[in-house]
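Quick note: numbers below take in every heavy atom, side chains included, and nothing from hydrogens, waters or symmetry partners.
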Amino acid sequence: MDAPTDVLSFVHLELPSPYTHRPAQRETWFFSQPATGLNGERPLLGEVIISTPTARRYAERHALTCAEEIQRLVIHGIIHLCGYDHETDTGQMTRLERRLRRRFLPAATNALPAHQP
């Protein structure tokens, strides 16, 4: 995307597609990958970069704290690392994001639609 954005996800280890593989298959595949860290850690899935100035603007727009907005964006970025793409799927990523926000975030941050700039 050639424009400012709120969150960037950089995949380091591409998982099997969530659209064609069941969660158990993806989990089995991930845990079968060789350890890559010095202490036998699992491979790094990727990185999530948050634009804090953008998060601050979104937080003001949605009447959230900046920390709450960053939490929402971290979830969004991690879901992208897992292979989901809201721009091409038929709502699977949005539904997953809503479920994760309900489970992990305070009620105030859940009232808004998933990833609404």
[X] and [Y]: same hydrophobic cluster, using ILVMFWY side-chain contacts below 4.5 Å?
X: Phe30; Y: Phe10; answer: no
X: Val7; Y: Ile49; answer: no
X: Leu44; Y: Phe31; answer: no

Check your understanding: Is the backbone N or O of Thr65 less than 3.5 Å from a side-chain atom of Glu68, with the two atoms forming a donor-acceptor pair by type?
Key ->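 At least one qualifying donor-acceptor pair exists.
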Review point. Any donor-acceptor pair under 3.5 Å linking the side chain of Ser9 with the backbone of Val48?
Key: no
For the residue pair [X] and [Y], what are the closest heavy atoms and their distance?
X: Gln33; Y: Leu13; result: CG-CD2, 4.3 Å
X: Thr52; Y: Ile70; result: CG2-CD1, 4.1 Å
X: Leu15; Y: Cys82; result: CD1-CA, 3.9 Å

**Study point:** His86, His76, Arg102, His80 screened by side-chain hydrogen bond (donor to acceptor under 3.5 Å, both in side chains) with Glu97, the one that passes
**Key:** His76
Point to revise | Residues Asp85, Met93; criterion side chain to side chain contact (heavy atoms under 4.5 Å, CB included); working and verdict | key: CA-CA 6 Å; Asp85 186 353; Met93 180 173 172; 5.5 Å; no
Practice item. Any chance you could lay out the side chain to side chain contact (heavy atoms under 4.5 Å, CB included) test for Thr54 and Thr5, step after step, and finish with the verdict? Key: CA-CA 7 Å; Thr54 304; Thr5 188; over 6 Å; no
Practice item. Sort and list the pairs that fulfil side chain to side chain donor-acceptor pair (under 3.5 Å) and have at least one residue in residues 18-30, not counting sequence neighbours. Key: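 As it turns out, the side chain to side chain donor-acceptor pair (under 3.5 Å) pairs with a partner in residues 18-30, which skip direct neighbours, are Tyr19-Asp89.
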Point to revise | Nearest-0.5 Å distance that lies between atom CZ in Arg99 and atom CD1 in Ile75 | key: 12.0 Å
Point to revise | Nearest-0.5 Å distance, CG of residue Leu96 to CD1 of residue Ile78 | key: 11.0 Å
Revision key, fill the gap. With sequence neighbours left out, the residues meeting side-chain hydrogen bond (donor to acceptor under 3.5 Å, both in side chains) with Arg56 are none
Practice item. Classify the side-chain pair Thr94/Gln92 by whether it contains a donor and acceptor separated by less than 3.5 Å. Key: no
Review point. Are the side chains of Ile50 and Val74 in touch, meaning some heavy atoms are under 4.5 Å apart?
Key: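 Ile50 reaches Val74 side chain to side chain.
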Exercise for review: Flag the pair Arg72 and Glu69 as a salt bridge only when some basic side-chain nitrogen lies within less than 4.0 angstrom of an acidic carboxylate oxygen.
Suggested key: yes
